[in-house]
2 protein chains.
Amino acid sequence: MKIAILGLGAVGRGLLEVIDEKQLDLVVTGVADSKSAIIDRDGIRIAEVLEAKQRWGSLGDKTLGAMEVVTRAEYDVLVEVTPTNAQTAEPALSYMKSAILLGKHVVTSNKGPIARDFRKLHELAVAHNVQIHYEATVAGAIPIMHTLRHGLAGNEILALYGVLNGTCNYILTRMAAEGLTYDQALLEAREMGYAEADPTYDVKGIDAAIKLVILANTIWKKQVTLDDVDITGIDLLTTDALRLAEDQDCTIRLIAEMVPKKDLLRVSPRIIEKTHPLVVDGSLNAITLETDLAGEVTLIGKGAGSRETASAILGDLLAIRDSYARGH
Amino acid sequence: MKIAILGLGAVGRGLLEVIDEKQLDLVVTGVADSKSAIIDRDGIRIAEVLEAKQRWGSLGDKTLGAMEVVTRAEYDVLVEVTPTNAQTAEPALSYMKSAILLGKHVVTSNKGPIARDFRKLHELAVAHNVQIHYEATVAGAIPIMHTLRHGLAGNEILALYGVLNGTCNYILTRMAAEGLTYDQALLEAREMGYAEADPTYDVKGIDAAIKLVILANTIWKKQVTLDDVDITGIDLLTTDALRLAEDQDCTIRLIAEMVPKKDLLRVSPRIIEKTHPLVVDGSLNAITLETDLAGEVTLIGKGAGSRETASAILGDLLAIRDSYARGH
């Protein structure tokens, strides 16, 4: 199976490394970073590309860009791993649409297009008889989309509760464990590399809400957007609030909730019993699905990391390859 | 898709109820309990069969048995949910082999044949171009087999740690929480319906070991058996041991472990940090997979129950149906 990769940040590089290491039967015929690209119908030499990227900061041919890879390379699956733009979803959205119109499958880690235009992309993919997979957009290494599609197929999802932002979970864990203030815990999270210089996106609950939108669009049959989510962040939480929760063997976590029957989509700090499976420590992610047959099923894993995201992308690529093997 | 069901205990009845409720596109053309059977090429009337079973304790035609259903009914998939015999795996093993020889797919909740003869059954299925699925044999509603096959495809499983027996987990949870002795907690577990009259199979670790064998045969490429597992039960555990663990923010759980590189297969009570995702309360099950890409992924859910097991069987049936839809 031939793939083309757009984006050579941590995720794109991680994926190339893993494909190289594992000697998977995947031929990479095109790669683009933000400034240049390579197209080679016989398959690029992964080690050389990674070295060039590290040494020179680019791939080589500056006359080529991502759109040239989409339209000119020979591939079966476009792997779109450029940075997320939550407002416009561009330029990723255009790359994906172009690939689908050309009859190519799409695998992505890019939250923008999936949160904003899932329904349209899905319909376009169906119309062109191709698949679109996006396991890597939510909860890193946790195979939540595969679980919804296969493992719990036949179940109705009555509710979903998720710890979807590792930065917030790290801050709350540290506030509860050490009695730190929000500012102290945020500082520590920055020092540990769990929070970005501008943490607004995370601590205000926006990142978790975007992931919730993606989950809701997967489970519900209607298109929801970020505007449909009731969002409260963790930045106003006091140490006192956490202490009060602790007194009752509870703690506070930023929980993304979806309850289809109540039309509820909410991200907010919630008091939760310490023994509940959703209460995970540090930067972990967790998702509890409440189902009609299987009862409550919880999945826990790392929410970020280049190899973890590569795991999610690889799962999607192998799902497409398997469907090929079955004659599709 | 047409299915035939062998076994009308809690699992078989639960499955029939769910198929009836959900109006799934599954036609049941044969059903057998331990004494009788019904075969109807146009599809049995599920509600009537369930009522007859409840009222008369049997299905009707006592001149028919399970083997007649296997050989004479018209079906695509045999659903084998008769009671487990861990020693001989019979009569389930013969039913499954006969169905495979007739070119039928098999879905089962029966641990006996899968633990004892997985490799042979798998090879037989491959030779006859049919599928064999057994999600329901391990950890009830947790979709562990789907996760191994799809969600984490591409990952190498470096180790697996499982809480696979709800009876033991309930007893240990109560010993730790209330300072009960083993005997007191066992009595309580019996009263709550979490332990059978003869709990040997559970508390000696044998049930967990059988499930570990099934997981090992799925992940490893060689056939292992119950004799390969180093087993210690929980029946000799003292309240003191649990108290000592608690003093260090730890607790004790019966953990089934598999570490391929060390050739390790073991079931034993282990001291484990209370914050570890595997530490679940009551009769829940949990499995942590240690992988090369995704890191540690943990799945938590109910380990038993008729609707929970129906969920697992349904997932397998829909996987087969999907592969049909793709032209297989």
Side-chain angles (χ1 to χ4, degrees), chain A residues 14 18 21-22 24 135 140-147 149-156 173 177 273-282 284 286 288-289 291-302 305 307-319 321-323 326-328, chain B residues 14 18-19 21-22 24 135 140-147 149-156 173 177 274-282 284 286 288-289 291-302 305 307-319 321-323 326-328:
Chain A
V18 168
E21 262 172 53
K22 297 220 165 205
L24 295 168
E135 180 69 83
I142 298 177
I144 179 65
M145 300 301 169
H146 281 85
T147 302
R149 200 175 312 122
H150 301 294
L152 297 176
N155 279 270
E156 187 185 343
T173 302
E273 277 185 45
K274 276 183 168 179
T275 53
H276 194 283
L278 265 187
V279 178
V280 290
D281 272 4
L284 284 173
T288 294
L289 299 166
T291 68
D292 62 339
L293 302 178
E296 278 193 13
V297 175
T298 301
L299 292 88
I300 299 169
K302 289 185 185 164
R307 287 176 76 84
E308 288 77 4
T309 308
S311 165
I313 292 170
L314 216 52
D316 286 346
L317 287 170
L318 296 178
R321 197 184 63 179
D322 285 355
S323 68
R326 286 174 171 154
H328 249 237
Chain B
V18 168
I19 290 173
E21 263 172 53
K22 296 219 167 204
L24 295 168
E135 180 70 83
I142 299 177
I144 179 65
M145 300 301 168
H146 282 84
T147 302
R149 201 177 311 124
H150 301 294
L152 296 177
N155 280 269
E156 187 185 342
T173 302
K274 275 183 168 178
T275 53
H276 194 283
L278 266 187
V279 178
V280 290
D281 271 4
L284 285 173
T288 295
L289 299 166
T291 69
D292 62 339
L293 301 178
E296 279 193 12
V297 176
T298 300
L299 292 89
I300 298 169
K302 290 187 185 163
R307 287 176 77 84
E308 288 77 4
T309 309
S311 164
I313 292 170
L314 216 52
D316 285 347
L317 287 170
L318 296 178
R321 197 184 62 180
D322 284 355
S323 68
R326 284 174 173 156
H328 248 237

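All heavy atoms count here, side chains included; hydrogens, waters and symmetry mates do not. In what follows, chains carry the letters A, B, and so on, assigned in the order in which the sequence lines appear, proteins first and then strands, with residues in each chain numbered from 1.
Contact of A/V297 with chain B is made through backbone and side chain together, with heavy-atom distances under 4.5 Å. Looking at A/D281, only its side chain comes within 4.5 Å of chain B, counting heavy atoms on both sides. With a threshold of 4.5 angstrom between heavy atoms, A/L299 approaches chain B through its backbone and through its side chain.
When each of B/R149, B/H150, B/H146 is tested with A/H146 by the rule side-chain contact (heavy atoms from CB on, under 4.5 Å), just one qualifies, namely B/H150.
Interatomic distance, B/I142 CD1 to A/T147 OG1, rounded to the nearest 0.5 Å: 11.0 Å. Atom CD1 in B/I300 sits 9.0 Å away from atom CG in A/L278 (nearest 0.5 Å). Once rounded to the nearest 0.5 Å, the distance linking CG of B/L152 with CG of A/L318 reads 11.0 Å. Here the CG atom belonging to B/L293 is positioned 11.0 Å from the CD1 atom belonging to A/I313, to the nearest 0.5 angstrom.
Between chain A and the options B/G151, B/G305, B/A312, heavy-atom pairs under 4.5 Å are most frequent for B/G151. Ranked by non-hydrogen atom pairs under 4.5 Å with chain B, the options A/A286, A/G301, A/G315, A/A153 are led by A/A153.
Within 6.0 Å of atom CD in B/E21, more than 12 heavy atoms from other residues, nucleotides or ligands are found, so the atom counts as buried in its surroundings.
A salt bridge links A/K22 with B/D292: at least one charged nitrogen is closer than 4.0 Å to a carboxylate oxygen.
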